Amino acid sequence: MEKGTPAIGWAARDDSGLLSPYSFSRRVPKDDDVTIKVLFCGICHTDLHIAKNEWGNALYPIVPGHEIVGIVTDVGPGVKSFKAGDTVGVGYFLDSCRSCDTCSKGYENYCPTLVLTSNGVDYDGATTQGGFSDVLVVNQDYVLRVPESLSLAGAAPLLCAGVTVYSPMMQYGLNAPGKHLGVVGLGGLGHMAVKFGKAFGMTVTVISSSPRKREEALERLGADAFLVSRDAEQMKAAAGTMDGIIDTVSAGHPLVPLLELLKPMGQMVVVGAPSEPLALPAYAIIGGGKRVAGNGVGSVSSCQAMLDFAGKHGITADVEVVKMDYVNTAVERLEKNDVRYRFVIDVAGSQLDAAA
């Protein structure tokens with residue numbers, strides 16, 4: 001029997017979330033598969049939730065990572081779009097059924113049997129392992145082309161954080177010049193929403209519980225205004241001024257004060273994923289006909305469009321690049337929001353020691 005591609009990664013074995021070296025095998029490449037040497041992989045809050053089983057769906061051992069940039073090292077005979085040496089990316093998922101209603105409409109990110117890049121179940125029954133590893137094997141239809149103009153470390157978080165805010169901005173018309181966008185939270189997703197909003201020509205207001213982020217939002221990221229969400233007077237003065245809000249916060253927080261910032265018929269999109277439920281009283285959306293939607297990453301085509309837009313406008317994430325042996329410290333710091341704004345692992349530059 002033909003053996004799969006050997007791989008070395010860092011995995012969590014239990015709900016402590018502690019990561020350590022782990023040897024495993026990727027699947028035997030198929031005719032339409034692309035083999036990728038991983039160069040960089042972002043660390044997302046989702047990785048933290050999954051590694052610690054905070055969502056109750058952990059399939060240990062888990063190699064996290066779904067913000068992946070790498071170089072193609074080999075392609076199957078059926079691959080026409082990629083060749084060895086191409087710079088590519090892989091995001092939150094690496095396959096879907098291709099036959100359900102959502103897949104047929106180009107929304108494969110909502111496929112009921114979506115195969116997640118990490119902590120998922122492939123169609124052959126194998127558990128998927130993510131980008132905190134040296135090699136991936138992925139079907140060509142779920143591989144993305146990374147523009148040459150982008151720094152590779154800064155481009156990695158675009159594969160999740162970037163498309164997660166870009167996709168709903170496009171879908172709900174929150175990309176029109178002159179419209180007013182509120183961005184709740186100035187973390188990995190939030191700072192990407194600010195960058196895309198400004199590139200679209202929008203007026204952007206950052207809404208944060210921390211007044212310490214004011215200078216960062218206004219001076220460095222170029223937001224037009226800043227609101228402290230705990231300041232009742234500031235929030236009241238801004239009521240009814242925003243066309244849309246992207247809520248990126250991954251911890252529990254009240255929605256009603258944020259909804260009051262929307263104009264009538266305004267749109268809020270929740271893209272953060274708190275572990276605890278968010279309270280949404282009916283009166284908060286009935287008055288003014290306001291709408292609340294959720295968004296999970298984006299389709300393959302949406303992600304490619306986002307990468308192309310980012311390449312044209314020079315948009316990348318602000319990152320702190322670390323080696324793999326720092327990953328546990330990075331996760332601890334991420335829990336404390338002690339990063340600006342995304343940790344990215346230099347996988348290729350790390351010493352990945354084999355382990356059982």
Side-chain angles (χ1 to χ4, degrees), residues 36 38-46 65-72 81-82 86-94 106 109 117 131 138 142-177 179 181 183 185-204 206 216-217 220-223 244 246 248 269 271 295-321 339-346:
I36 302 167
V38 179
L39 299 181
F40 296 97
C41 186
I43 305 177
C44 176
H45 261 100
T46 297
H66 56 263
E67 297 180 337
I68 303 160
V69 169
I71 297 289
V72 175
S81 300
F82 301 97
D86 285 348
T87 304
V88 296
V90 178
Y92 191 63
F93 58 95
L94 43 68
N109 51 310
T117 300
V138 185
Y142 298 82
V143 178
L144 298 143
R145 193 172 298 279
V146 177
E148 294 180 1
S149 60
L150 299 178
S151 74
L152 300 189
L158 298 179
L159 278 301
C160 176
V163 72
T164 296
V165 297
Y166 176 92
S167 180
M169 290 172 79
M170 298 295 290
Q171 181 177 356
Y172 296 109
L174 302 180
N175 62 334
K179 280 194 173 182
L181 176 72
V183 177
L186 199 61
L189 277 71
H191 90 291
M192 294 306 312
V194 173
K195 291 188 177 189
F196 282 123
K198 294 306 298 179
F200 287 136
M202 304 181 75
T203 297
V204 178
V206 171
E216 177 79 4
R220 207 175 72 80
L221 292 175
I246 302 289
T248 73
V269 185
V271 296
N295 183 76
V297 289
S299 65
V300 173
S301 62
S302 179
C303 197
Q304 188 62 64
M306 177 274 305
L307 286 169
D308 294 341
F309 182 86
K312 180 179 179 181
H313 293 272
I315 297 173
T316 55
D318 292 5
V319 301
E320 181 178 336
V321 180
V339 60
R340 197 177 73 178
Y341 286 97
R342 204 63 148 193
F343 284 113
V344 171
I345 303 169
D346 178 2

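Everything numeric here is computed off the predicted structure, so don't read it as measured data.
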Which pair of non-hydrogen atoms, one from [X] and one from [Y], has the smallest distance, and what is that distance?
| X | Y | answer |
| --- | --- | --- |
| V38 | G131 | CG1-O, 3.7 Å |
| G154 | T316 | O-CB, 3.5 Å |
| I246 | P168 | CD1-CG, 4.4 Å |
| L186 | E216 | CD2-CG, 4.2 Å |
| G65 | C41 | CA-SG, 3.6 Å |
| I315 | F309 | CD1-CE2, 4.0 Å |

How many angstroms lie between [atom1] in [X] and [atom2] in [Y], if you round to the nearest 0.5 Å?
| X | Y | atom1 | atom2 | answer |
| --- | --- | --- | --- | --- |
| T203 | K198 | OG1 | NZ | 6.0 Å |
| Y166 | L307 | OH | CG | 9.5 Å |
| F343 | C44 | CZ | SG | 13.5 Å |
| D86 | L144 | CG | CG | 12.5 Å |
| F40 | I345 | CZ | CD1 | 11.0 Å |
| S299 | F93 | OG | CZ | 6.5 Å |

Mind running side-chain contact (heavy atoms from CB on, under 4.5 Å) on L158 and L150 for me, showing each step along the way?
CA-CA 11 Å; L158 298 179; L150 299 178; 3.9 Å; yes
Distance-only, no hydrogens or angles: does the [X] side chain make a donor-acceptor pair with backbone N or O of [Y] under 3.5 Å?
| X | Y | answer |
| --- | --- | --- |
| K195 | A310 | no |
| R145 | S81 | yes |
| N109 | V300 | no |

Measure up the H191 and Y341 rings against each other and bin them: parallel (under 30°), tilted (30 to 60°), perpendicular (over 60°).
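Rings of H191 and Y341: parallel, as their planes differ by under 30°.
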Would you call the rings of H66 and Y92 parallel, tilted or perpendicular if under 30° counts as parallel and over 60° as perpendicular?
perpendicular
Do [X] and [Y] have side-chain heavy atoms sitting under 4.5 Å apart?
| X | Y | value |
| --- | --- | --- |
| T87 | I71 | yes |
| V206 | L221 | no |
| V344 | P157 | yes |
| M169 | V269 | no |
| R340 | R220 | yes |
| M170 | F200 | yes |
| C303 | L159 | yes |
| V88 | V138 | no |

List the steps, then state whether side-chain contact (heavy atoms from CB on, under 4.5 Å) holds for R342 with L189.
CA-CA 9 Å; R342 204 63 148 193; L189 277 71; 4.2 Å; yes
Chi angles and distances behind the side-chain contact (heavy atoms from CB on, under 4.5 Å) call for T117, Y142:
CA-CA 10 Å; T117 300; Y142 298 82; over 6 Å; no
Run the numbers on T46 and C160 for side-chain contact (heavy atoms from CB on, under 4.5 Å), then give the verdict.
CA-CA 10 Å; T46 297; C160 176; 5.6 Å; no
